[in-house]
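Only one structure is covered here, and it is reproduced in the block below.
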There are 2 protein chains.
Amino acid sequence: MSVARGDSRSPIGPRGKASTDKRRLILDAAVRVFARQGFHACRVSDIADEAGVAYGLVYHYFASKDEVLDTLFLERWNVMLEFIREVDSEPIAVREKLRAIASFIVDSYRHDPDLMKVIIVEVTRAANSFGNTHIDTIREAYDLIGGMIIKAQEDGVFKPEIESRFAAMAFYGAIEQLLTGWIFDLLPDEDEYFERAKWLVVETVCGGLETKASEQASVT
Amino acid sequence: MSVARGDSRSPIGPRGKASTDKRRLILDAAVRVFARQGFHACRVSDIADEAGVAYGLVYHYFASKDEVLDTLFLERWNVMLEFIREVDSEPIAVREKLRAIASFIVDSYRHDPDLMKVIIVEVTRAANSFGNTHIDTIREAYDLIGGMIIKAQEDGVFKPEIESRFAAMAFYGAIEQLLTGWIFDLLPDEDEYFERAKWLVVETVCGGLETKASEQASVT
DNA sequence: CGACGTTGACTGACCAGTCAATCTAACCTG
DNA sequence: CAGGTTAGATTGACTGGTCAGTCAACGTCG
């Protein structure tokens, strides 16, 4: 589906026509519009207007309104999956891995709140329509985290009696709810709080999962 | 399924018109339809059909499609708020309070998965539509939980360095994500797992929040 | 001059909400 | 108690507006 991806070949193209990548322009505009009005409430013309292109051009690059959202979601989610896999392959403690993941997600929000809002509100939450379409992609993230927890249990760092899938969901859910808190303006969003939020999630979840034996005094 | 609520005032009503409560019929049908197709994707006629009443009757009892969802949400959320307040007023340990809340939410799902699905998917996380409308009602639940945590911190049971609002969000988020896991069929939903899920959330969150000093061996 | 990027008016489907008509039953009144 | 009155419950065809997606034409670059 996604057409050209790595085509932003810097401005030094053979024929420096590098005006602007309209496709990208549309995607970026869509993020803003979806975040502001919601996917269902906005019209395709809103996206076109926001991007400053003609209505029809949206359909030149995307087969449907849905595909615009699909593209945004997959782009971002795959970056995250890539990151999680990378973290997982490193020889560090679970606690560090989970901290890295929490950091990544929180920083993703900090870097582009609109995009994260769209992904959480419009995709992750939508059990019907989109959620169902991407359920396997979403699941992959949970599975990766679950895998880390299983490994930690085998190593005796985490309590074995806690079902890994449940722990993974709880961990991810805690983070997502913090983002939801920021999205809904229920939590203060100063820089300081972002950092403490990362710490809180890891501290809380790990604190409850770790065995007494593994009292690694690596507490900040 | 549960028919009349509190309005089947027995035969003693002045105007004993208490035939079948069509309003209730419509609400219950709406839950099923919203859960199956999603609020946006379904038509008002779907609700009427599911309820076995004429299209127009929906508008006799409700001003709009929105109001049907509003009603469902408020009905249920207020029951939960009531429960939380009640729990809060009891002289028991935080751990017990949180366990009671987790139990209540999980059991709510077990008792009526469709309704909880609708509330979570269509309201609680819908930042652009209903979520925004009901933000204050939703927030009240978070605030109540936050209050419990503050109190526990003052009593020296929970670590004081963790911002209560953040902890409350993390706690609620963990539970909600477990429900999401069941909704999306990502987690096994046998009876045994519901019980363990309650235990997991409380154990995990409290484990991380409690101070070393409060090592109350009340672990199951 | 051919290929592709770009435009925006148009259309066909869809659906929330309206409304006038019909039905039901409580409650008169003689 | 028959017949009449009325208020609410119930019906479903219809309307008005909205919008996703189409398409024929135009632009521009190489």
Side-chain angles (χ1 to χ4, degrees), chain A residues 1-4 7-9 11-30 33-34 36-72 122 128-130 133, chain B residues 3-4 7-9 11-30 33-34 36-72 122 128-130 133:
Chain A
M1 68 158 65
S2 61
V3 191
D7 44 329
S8 54
R9 275 280 92 76
I12 317 173
R15 253 313 150 94
K17 80 110 185 132
S19 60
T20 36
D21 184 346
K22 296 287 175 72
R23 191 184 122 95
R24 190 76 248 162
L25 221 54
I26 291 168
L27 283 173
D28 291 344
V33 173
F34 289 162
R36 193 190 313 130
Q37 308 172 225
F39 178 80
H40 290 290
C42 84
R43 286 161 283 162
V44 172
S45 63
D46 293 331
I47 302 174
D49 291 350
E50 176 83 23
V53 303
Y55 184 89
L57 197 60
V58 175
Y59 287 92
H60 179 70
Y61 287 110
F62 303 95
S64 66
K65 189 185 174 190
D66 284 16
E67 199 182 286
V68 176
L69 180 55
D70 283 347
T71 304
L72 287 171
E122 306 293 348
N128 307 292
S129 64
F130 292 99
T133 310
Chain B
V3 190
D7 44 330
S8 55
R9 270 286 88 77
I12 316 173
R15 300 267 166 78
K17 51 103 185 284
S19 60
T20 38
D21 186 348
K22 296 287 176 74
R23 192 184 121 97
R24 189 74 248 162
L25 222 54
I26 291 168
L27 283 172
D28 290 343
V33 173
F34 290 162
R36 194 189 314 132
Q37 318 186 39
F39 179 82
H40 290 289
C42 85
R43 286 160 285 163
V44 172
S45 64
D46 293 331
I47 301 174
D49 290 350
E50 176 84 21
V53 302
Y55 185 89
L57 197 60
V58 175
Y59 286 92
H60 178 70
Y61 287 109
F62 304 94
S64 66
K65 189 185 174 189
D66 284 17
E67 199 183 285
V68 176
L69 180 55
D70 284 345
T71 304
L72 287 171
E122 306 292 349
N128 289 110
S129 46
F130 294 95
T133 310

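Both backbone and side-chain heavy atoms feed into the values below; hydrogens, waters and symmetry mates do not. Throughout, protein chains are lettered first and strands after them, A, B, ... in sequence-line order, and every chain is numbered starting at 1.
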Quickly work out the [X] [atom1] to [N] [atom2] distance and round it to whole Å.
X: A/Gln37; N: D/dC19; atom1: CD; atom2: P; value: 10 Å
X: B/Arg43; N: C/dA13; atom1: CZ; atom2: P; value: 15 Å
X: B/Ile26; N: D/dA9; atom1: CD1; atom2: C1'; value: 11 Å
X: A/Leu25; N: C/dT7; atom1: CG; atom2: C1'; value: 16 Å
X: A/His40; N: C/dC14; atom1: NE2; atom2: C1'; value: 16 Å
X: A/Ile47; N: D/dG21; atom1: CD1; atom2: C1'; value: 13 Å
X: A/His60; N: C/dT6; atom1: NE2; atom2: P; value: 7 Å
X: B/Phe39; N: C/dC15; atom1: CZ; atom2: P; value: 13 Å

- Message: Please encode protein proximity along nucleotides 17-25 of chain C as a string of B, S and -, counting only heavy-atom distances under 4.0 Å.
- Response: BB-------
Donor-acceptor contacts under 3.5 Å from residues 62-69 of chain B side chains, at least two apart:
residue	atom	partner	partner atom	Å
B/Ser64	OG	B/Asp66	N	3.4
B/Ser64	OG	B/Glu67	N	3.2
B/Lys65	NZ	B/Phe39	O	2.7
B/Lys65	NZ	B/Cys42	O	2.8

- Message: Mind checking if A/Phe62 touches a base, just sugar-phosphate, or nothing, with heavy atoms under 4.0 Å?
- Response: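 The residue A/Phe62 makes no contact with any strand.
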- Item | Which atom of A/Lys22 lies closest to which atom of A/Val53, heavy atoms considered |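 Shortest heavy-atom separation between A/Lys22 and A/Val53 comes out as CD-CG1, 3.7 Å.
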- Would you please name every residue forming a salt bridge (Lys or Arg N to Asp or Glu O under 4.0 Å) with B/Asp70, sequence neighbours left out? none
